[in-house]
Amino acid sequence: MIAYCCRTLVTMEGSPIDNGAFVVDGARFVRTGSASDILRTHSGEVIDLGEVVVLPGLINAHCHLDYTLMRGAMLPSRSFSRWVSRINALKRSLTDNDYLLATQLGFEELRKSGVTTVLNIVATPQVFPLLPPARIRAWNFLELIDVRPRPWIEEHAFGSWLFFSDQFKQLGGVGLSPHAPYTASAKLYEVALECARAFDMPITTHAAESSEEYAMFAKASGELYDFLNKLGRPMTDCGSTTPLRHLIENRLINSDCIVAHLNELDDRDLEILGGTEWRNLQVVHCPKSHRFLHHKRFPLEELRERGLNISLGTDSLASNDSLDMFSEMRMAKKTYPSLTSLDVLEMATTRPARALKREGDLGKITPGCLADSIAIPFKGPVNDVFDSVIQNRGTIKWMMVNGKVLT
Ligand SMILES: [Zn+2]
């Protein structure tokens with residue numbers, strides 16, 4: 001057992017502790033408190049981390065690491081369908097080696113910016129077995145799309161089989177990600193739900209992201225409707241309801257599904273989300289990607305008032321310039337003045353842990369939780385430690401994942 005001391009300890013359960021300490025045994029925290037209390041009875045090794053604030057490792061709740069090489073390749077766009085077709089063209093120009101490199105670089109970038117857990121959507125499962133074990137925890141979600149039959153279906157099926165058979169070398173888990181109601185059929189969502197139930201896997205999806213997606217489902221019109229119609233997508237599910245109600249009313253998602261975006265909701269959608277059945281839907285907001293794509297204002301206050309759990313993510317480098325969660329937290333705070341610094345820090349720690357149903361394992365520095373934590377320079381004392389934390393620009397002085405210090 002090793003005791004670590006620090007200038008300030010942010011546990012995300014109760015107030016920050018000045019001159020704090022925590023004890024790690026194997027992969028988990030076993031004690032937290034003031035250094036004087038802990039050291040009085042601790043007989044093992046003691047490491048003083050110095051003038052730092054230690055906090056739980058950050059959790060990025062929505063990311064696509066296989067697009068990491070797309071940084072700077074896309075211009076901010078007001079046309080969602082043009083952005084989608086540009087991504088598709090770029091995807092076709094990349095090889096499996098590119099995707100392998102992209103995923104490795106993405107994991108490294110996350111680690112350097114203090115992320116210890118990522119919810120990563122995987123469009124290229126065939127490269128996964130070639131990856132060295134990631135140094136951080138990852139829940140990898142296999143992306144499912146059937147907007148038109150894939151000519152390389154056998155290769156993809158083989159890749160998917162490898163993806164699931166090779167999962168055990170990674171810290172974390174696997175899940176499924178039917179991409180979005182405009183790219184995944186009702187049948188595909190149903191199959192995903194059935195598999196997720198059978199193998200106890202989480203599901204994540206995108207929904208109600210753009211005004212074009214809203215127009216496609218609600219009015220059977222708009223650029224995305226025309227684009228997908230030309231691709232040969234059957235459009236009989238369009239013209240009657242909103243993207244969210246398409247998923248909910250057809251029972252294509254569970255009430256605890258992790259849903260990214262939800263920018264385009266009408267009053268009835270909000271009413272449904274406020275009801276007892278759907279209040280547990282897990283929402284992910286990606287502040288910088290949201291700005292990049294010029295979406296309508298995300299209804300953060302309306303969702304919080306109704307008790308929904310909202311986490312933060314970066315989305316991919318096809319719509320962002322970094323995978324830095326500190327930068328996402330600052331953008332969220334700036335955009336929504338109702339949020340305190342503690343609120344936004346929760347959206348990158350305890351809230352995504354709840355979305356993953358891993359509240360007892362992740363997102364806090366408390367006895368029993370997995371020992372994932374980071375340290376950033378800190379002189380203290382200040383009025384608002386949480387604000388000092390989110391103002392951090394890139395310097396992670398120390399990091400621990402699963403009880404092991406990463407160097
Ligand atoms: Zn996404």
Side-chain angles (χ1 to χ4, degrees), residues 59-71 73-74 76-77 79-88 90-91 94 99 102-103 106-107 109-110 115 117-125 138-145 147 174-184 188-189 192 202-214 216 224 228 243-244 247 253 257-264 281-296 298 310-325 327-328 331-332 347-348 352 355-356:
I59 304 176
N60 182 342
H62 185 83
C63 195
H64 305 249
L65 293 181
D66 41 22
Y67 299 168
T68 301
L69 294 185
M70 293 187 191
R71 185 190 337 249
M74 313 277 290
S77 177
S79 164
F80 189 67
S81 44
R82 254 174 285 163
W83 177 76
V84 170
S85 52
R86 173 86 178 124
I87 285 197
N88 287 341
L90 274 174
K91 277 164 85 170
L94 296 173
Y99 286 119
T103 308
F107 272 124
E109 183 165 338
L110 288 171
V115 169
T117 295
V118 60
L119 279 69
N120 175 37
I121 295 162
V122 177
T124 54
W139 261 264
N140 294 300
F141 292 81
L142 180 67
E143 184 175 81
L144 305 170
I145 290 181
V147 69
V174 291
L176 295 173
S177 178
H179 174 255
Y182 58 91
T183 45
L188 191 56
Y189 270 99
I203 285 192
T204 191
T205 191
H206 304 75
E209 180 174 4
S210 65
S211 55
E212 290 182 38
E213 180 184 345
Y214 189 90
M216 171 176 157
L224 189 63
L228 291 168
L244 180 67
L247 294 177
I253 53 174
C257 179
I258 303 168
V259 184
H261 308 312
L262 297 188
N263 302 316
E264 295 278 344
L281 201 71
Q282 301 298 321
V283 183
V284 184
H285 176 53
C286 302
K288 287 173 63 190
S289 168
H290 184 277
R291 188 186 56 165
F292 184 94
L293 290 166
H294 299 279
H295 293 313
K296 197 174 110 179
F298 170 66
I310 307 172
S311 306
L312 294 178
T314 57
D315 220 327
S316 78
L317 290 179
S319 59
N320 205 338
D321 60 357
S322 81
L323 301 175
D324 181 353
M325 287 293 287
S327 170
E328 299 293 338
M331 176 65 76
M347 292 163 86
L356 267 178

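Both counts, for ligands and for their atoms, begin at 1 and track the order of listing.
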TODO: Tell me yes or no: between the side chains of Asn60 and Glu328, is some donor less than 3.5 Å from an acceptor?
DONE: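 Result is no, nothing qualifies.
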Open item on the list: Quick one about Lys288 and Ser322 (side-chain donor to acceptor, distance below 3.5 Å, no hydrogens or angles considered), yes or no?
Closed with: yes
So that I can check it, does any N, O or S atom in [X] come closer than 2.8 Å to the Zn ion (ligand 1)?
| X | result |
| --- | --- |
| His261 | no |
| Cys286 | no |
| Cys63 | no |

Check all N, O or S atoms of [X] and name the one closest to the Zn ion (ligand 1).
| X | value |
| --- | --- |
| His62 | NE2 |
| Asp315 | OD1 |
| His206 | NE2 |

Open item on the list: Let's go through Thr204 and Trp139 carefully: what are the C-alpha distance in whole Å and the side-chain angles of both, what is the deciding distance for side chain to side chain contact (heavy atoms under 4.5 Å, CB included) to 0.1 Å, and is it a yes or a no?
Closed with: CA-CA 11 Å; Thr204 191; Trp139 261 264; over 6 Å; no
- [ ] Any chance you could measure Leu69, atom CG, to Thr103, atom OG1, to the nearest 0.5 Å?
- [x] 8.5 Å
Open item on the list: Checking the side chain of Glu213 only, and the main-chain atoms of Leu224 only, is there a donor and an acceptor separated by less than 3.5 Å?
Closed with: no
